[in-house]
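Structure record follows, encoded as structure tokens.
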Amino acid sequence: MKKILILFLVCLSAIPAGATDTGKLFILGGELSNSAATCTADIDEVMPRMKQLGLNTVLVPAYWELLEPEEGRFDFTLIDRTVAKARENQLKIVLLWFGAWKNSMSCYTPVWFKKDTGKYPRARTRSGKPLEIASAFSRNVLEADNRAFAALMERIKATDAGGTVVMVQIENEIGMLEDARDHSPLADEAYNRGVPQVLADYLKKNKLHPWLQARFTGKGKAWAEVFGNDLHTDEIFMAYYYARYVQRLAKSARSILPGMPLFVNAAMNSRGRRPGEYPSAGPLAHLIDIWHCAAPDIDLLAPDIYDTGFKGWAAQYALWNNPLFIPESRCCTNSGARAMYVFGEHRALGFSPFAIDQAPAADTGPITKAYALLSQLRPYLQPAGGDKQPEAWGLLFDQQDKERIISDGNLTMTCRHYYTLPWDPRATDGTVWPEGGAAVIKLADMEYLLAGTGVVVSFAAATERSYGERKALGEDGFAQTGNAAAQQPQPGAQPFAGKRIGIGSVDEVSIAADGSIRYLRRLNGDQSHQGRHARIAVGDWQILHIRLYEYQ
């Protein structure tokens with residue numbers, strides 16, 4: 001059922017009308033912690049360190065409260081220093097606009113904005129309680145936010161001719177908390193007007209996410225008539241108006257920096273939480289049609305993945321009309337494996353662990369090693385000049401999810417976690433399995449690259465596989481123990497027919513910037529289990545060039 005749903009999601013929604021070319025992005029990123037760019041000394045210290053970690057792009061907040069400390073007076077000191085230090089260290093920047101909302105709250109708005117709740121009203125709960133959340137229905141809120149954001153865009157246009165800033169995020173994890181929607185007077189007035197005709201028409205014309213399709217009646221005018229009378233309808237209503245708000249900032253960016261890619265990020269609706277228990281109405285996968293309708297100048301809806309089930313969350317956003325970019329992911333020892341997976345499986349535009357500047361070496365080390373491999377693989381994962389991309393797959397394994405079977409024509413690849421090898425003591429001594437992750441890239445028939453860590457891959461023809469898998473063998477390739485009964489002829493055994501797949505060679509290689517493959521060493525014999533598989537041990541980070549052949 002999950003596979004069917006993912007295939008159906010690939011067909012959803014129209015491409016946003018204002019979409020820019022994001023195909024040149026290849027972000028080996030890291031997002032700074034929230035306060036890492038609030039003074040020039042911190043910026044000066046952190047940028048060289050990010051370069052040393054192997055990043056090519058740093059995601060950096062731009063804070064409204066520091067950009068416009070007094071209404072109408074802008075201070076670009078931090079922005080200018082960020083761009084200059086990134087350029088000095090040969091890094092690119094993704095700017096994160098911490099404007100009206102950050103993780104739903106209006107905590108990065110200037111003090112003059114916060115204090116004047118008459119001019120800049122707050123969202124309210126159903127009971128009327130005001131929240132530390134600016135109302136998206138206020139024209140004054142929008143105009144103040146948009147004025148500061150436009151000033152930021154103008155500054156980038158004036159000072160960044162070299163293109164250090166490569167993408168901009170508008171707001172951060174936008175969404176309502178405590179209730180599914182804003183119940184302020186301005187919000188209730190909009191709700192009582194009913195579903196805007198432009199939204200109704202859009203939903204009738206386009207193939208929708210299954211969740212939304214099941215709710216959309218296409219009849220009536222009131223929100224409850226069109227979508228049902230519950231808090232999920234409140235979320236749909238709020239999503240439309242949040243997206244419409246964001247669209248107005250996006251239009252400002254488009255008018256100043258026409259080619260700048262724009263995105264919004266989402267806090268996941270995970271752990272069984274209801275709208276308002278997570279940031280309701282954000283750019284979530286089940287609301288993608290609402291966001292595409294109301295914010296057509298936004299290029300990407302991007303997931304912030306902190307929960308378990310990494311592969312499932314990524315798949316919800318890797319759509320034909322929504323290239324995958326992960327601006328935030330938990331920074332941990334598994335981050336490098338996850339990066340290998342998303343670039344291999346989804347041709348991701350980028351991956352970025354959060355608060356990488358505060359992470360210990362045990363967590364950043366795998367990221368550095370993964371990014372070193374991905375930098376080499378770029379000619380294959382993102383060919384220049386519009387060349388046809390080779391077929392690729394991603395692998396990501398842990399102790400529970402430890403196998404994937406890949407069919408490529410008459411060839412079957414059985415891919416597993418490295419600890420499934422019977423002779424590795426860490427497989428059974430109580431060690432918590434770190435995630436193994438890799439990209440598999442097809443160069444030609446019977447020729448592949450395998451790049452990553454903690455995986456083992458065996459190869460078989462379809463006919464060969466029908467005879468069952470080879471028995472588990474020891475590290476030397478011999479049976480672990482004898483079995484005299486099994487040595488007796490088995491009556492009725494079917495003679496083998498067809499061809500088998502053998503490993504011609506496994507070489508550890510490096511890849512030059514032009515895509516040429518450079519031989520490092522041969523890994524046949526013990527390193528390929530005498531021609532039975534290709535493997536990369538846990539903790540090793542390698543690119544293997546594998547040549548196969550047929551025999552009978």
Side-chain angles (χ1 to χ4, degrees), residues 2-16 19-20 22-23 25-27 29 31 59 94 96 167-175 206-213 235 239 242-243 246 261-271 273 278-330 335 338-354 381-382 392-394 396 437 439:
K2 289 183 179 178
K3 290 182 178 179
I4 294 173
L5 176 59
I6 291 170
L7 288 172
F8 184 76
L9 288 176
V10 171
C11 301
L12 300 182
S13 304
I15 294 177
T20 56
T22 57
L25 295 174
F26 194 83
I27 294 173
E31 181 172 335
L59 282 67
V94 174
L96 315 175
M167 188 154 60
V168 174
Q169 174 184 291
I170 300 179
E171 311 298 344
N172 186 84
E173 291 188 357
I174 199 169
N206 289 284
K207 188 173 290 187
L208 307 179
H209 186 287
W211 179 89
L212 186 62
Q213 185 67 67
E235 182 179 42
Y242 269 141
V246 166
L262 306 171
F263 75 101
V264 284
N265 65 327
M268 297 294 91
N269 51 330
S270 58
R271 308 177 212 172
R273 294 175 294 191
Y278 63 83
S280 171
L284 294 154
H286 67 285
L287 300 171
I288 188 171
D289 306 292
I290 307 297
W291 275 84
H292 278 179
C293 171
D297 282 301
I298 292 296
D299 299 297
L300 305 171
L301 310 186
D304 292 349
I305 306 178
Y306 291 89
D307 286 283
T308 57
F310 180 89
K311 290 192 288 188
W313 292 115
Q316 290 189 51
Y317 287 82
L319 307 175
W320 72 275
N321 58 351
N322 193 71
L324 181 63
F325 173 53
I326 301 176
E328 293 185 38
S329 182
R330 185 180 303 281
S335 294
R338 294 171 183 179
M340 298 302 304
Y341 168 76
V342 295
F343 280 97
E345 182 71 7
H346 297 300
R347 303 298 181 104
L349 300 181
F351 178 82
S352 172
F354 175 68
L381 295 174
Q382 187 200 46
W393 301 268
L396 188 62

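For this chain, numbers begin at 1 and follow the sequence in order. Values in this document were obtained by computation on a predicted structure and should not be read as measured data.
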Original post:
Between Asp307 and Arg271, is a side chain to side chain contact (heavy atoms under 4.5 Å, CB included) present by the stated rule, with each step listed?
Top reply: CA-CA 8 Å; Asp307 286 283; Arg271 308 177 212 172; 2.6 Å; yes
**OP:** Could you tell me which non-hydrogen atom of Leu324 sits nearest to which non-hydrogen atom of Ala314, and how far apart they are?
**Re:** CD1-O, 3.8 Å
Original post:
So which heavy atom on Asp297 is nearest to which on Leu262, and how close?
Top reply: O-CD1, 3.7 Å
**OP:** Would you sort out whether Met268 and Tyr278 count as a side chain to side chain contact (heavy atoms under 4.5 Å, CB included), showing the intermediate values?
**Re:** CA-CA 7 Å; Met268 297 294 91; Tyr278 63 83; over 6 Å; no
**OP:** Compute the centroid of each ring, for Phe343 and then for Phe26, and state whether the two points are separated by less than 6.0 Å.
**Re:** yes
Original post:
What distance separates Ser280 OG from Ile174 CD1, expressed to the nearest 0.5 Å?
Top reply: 11.0 Å
Original post:
Can you check whether Val94 reaches Glu31 side chain to side chain, under 4.5 Å on heavy atoms?
Top reply: no
Original post:
About how many Å separate CG of Leu300 and CG of Leu319, when rounded to the nearest 0.5 Å?
Top reply: 11.0 Å
**OP:** Just jot down the side chain to side chain contact (heavy atoms under 4.5 Å, CB included) partners of Thr308, sequence neighbours excluded, or say none.
**Re:** none
Original post:
Is it true that the side chains of His286 and Glu235 contain a donor and an acceptor less than 3.5 Å apart?
Top reply: yes
Original post:
Just by modelled atom types, is the Trp211 backbone N or O under 3.5 Å from a matching donor or acceptor in the His209 side chain?
Top reply: yes
Original post:
What residues form a side-chain hydrogen bond (donor to acceptor under 3.5 Å, both in side chains) with Arg330, not counting sequence neighbours?
Top reply: none
Original post:
Does the side chain of Phe325 come within less than 4.5 Å of Phe351's, by heavy atoms?
Top reply: no
Subject >> Nearest atoms (heavy-atom pairs only) where Leu349 meets Pro323 >> reply: CD1-CB, 3.7 Å
Subject >> Beyond-backbone contact of Trp291 with Val246, side-chain heavy atoms, under 4.5 angstrom >> reply: yes
Original post:
Can you tell me if Asn265 and Asn172 form a side-chain donor-acceptor pair at under 3.5 Å?
Top reply: yes
Subject >> Within-4.5 Å side-chain heavy-atom neighbours: Tyr317 and Pro303 >> reply: yes
Original post:
Any sub-3.5 Å donor-acceptor pair from Gln382's side-chain atoms to Leu25's backbone N or O?
Top reply: yes
Original post:
Between Asp289 and Asn206, is a side chain to side chain contact (heavy atoms under 4.5 Å, CB included) present by the stated rule, with each step listed?
Top reply: CA-CA 8 Å; Asp289 306 292; Asn206 289 284; 5.5 Å; no
Subject >> Ser270 side, atom OG; Asp304 side, atom CG - distance, nearest 0.5 Å >> reply: 11.0 Å
Subject >> Shortest non-hydrogen contact from Gln316 toward Ala285 >> reply: OE1-CB, 3.4 Å
Subject >> Nearest heavy-atom neighbours spanning Met167 and Phe263 >> reply: CG-CD2, 3.6 Å
Original post:
By side chain to side chain contact (heavy atoms under 4.5 Å, CB included), which residues pair with Ala267, not counting sequence neighbours?
Top reply: Glu173, Pro279
Subject >> Separation of Ile326 CD1 from Ile305 CD1 (nearest 0.5 Å) >> reply: 4.0 Å
Original post:
What's the verdict on side chain to side chain contact (heavy atoms under 4.5 Å, CB included) for Glu171 and Leu96, showing C-alpha distance, side-chain angles and the deciding distance?
Top reply: CA-CA 7 Å; Glu171 311 298 344; Leu96 315 175; over 6 Å; no
**OP:** Can you measure from CG (Asn322) to CD1 (Ile298) and round to the nearest 0.5 angstrom?
**Re:** 11.0 Å
**OP:** Over all heavy atoms of both residues, which pair between Leu301 and Pro283 is shortest? Give the atoms and the distance, please.
**Re:** CD2-CB, 3.9 Å
**OP:** Mark yes or no: Arg338 above the aromatic ring of Phe310, with NZ or CZ under 6.0 Å from the six-membered ring centre and no more than 45 degrees from the axis.
**Re:** yes
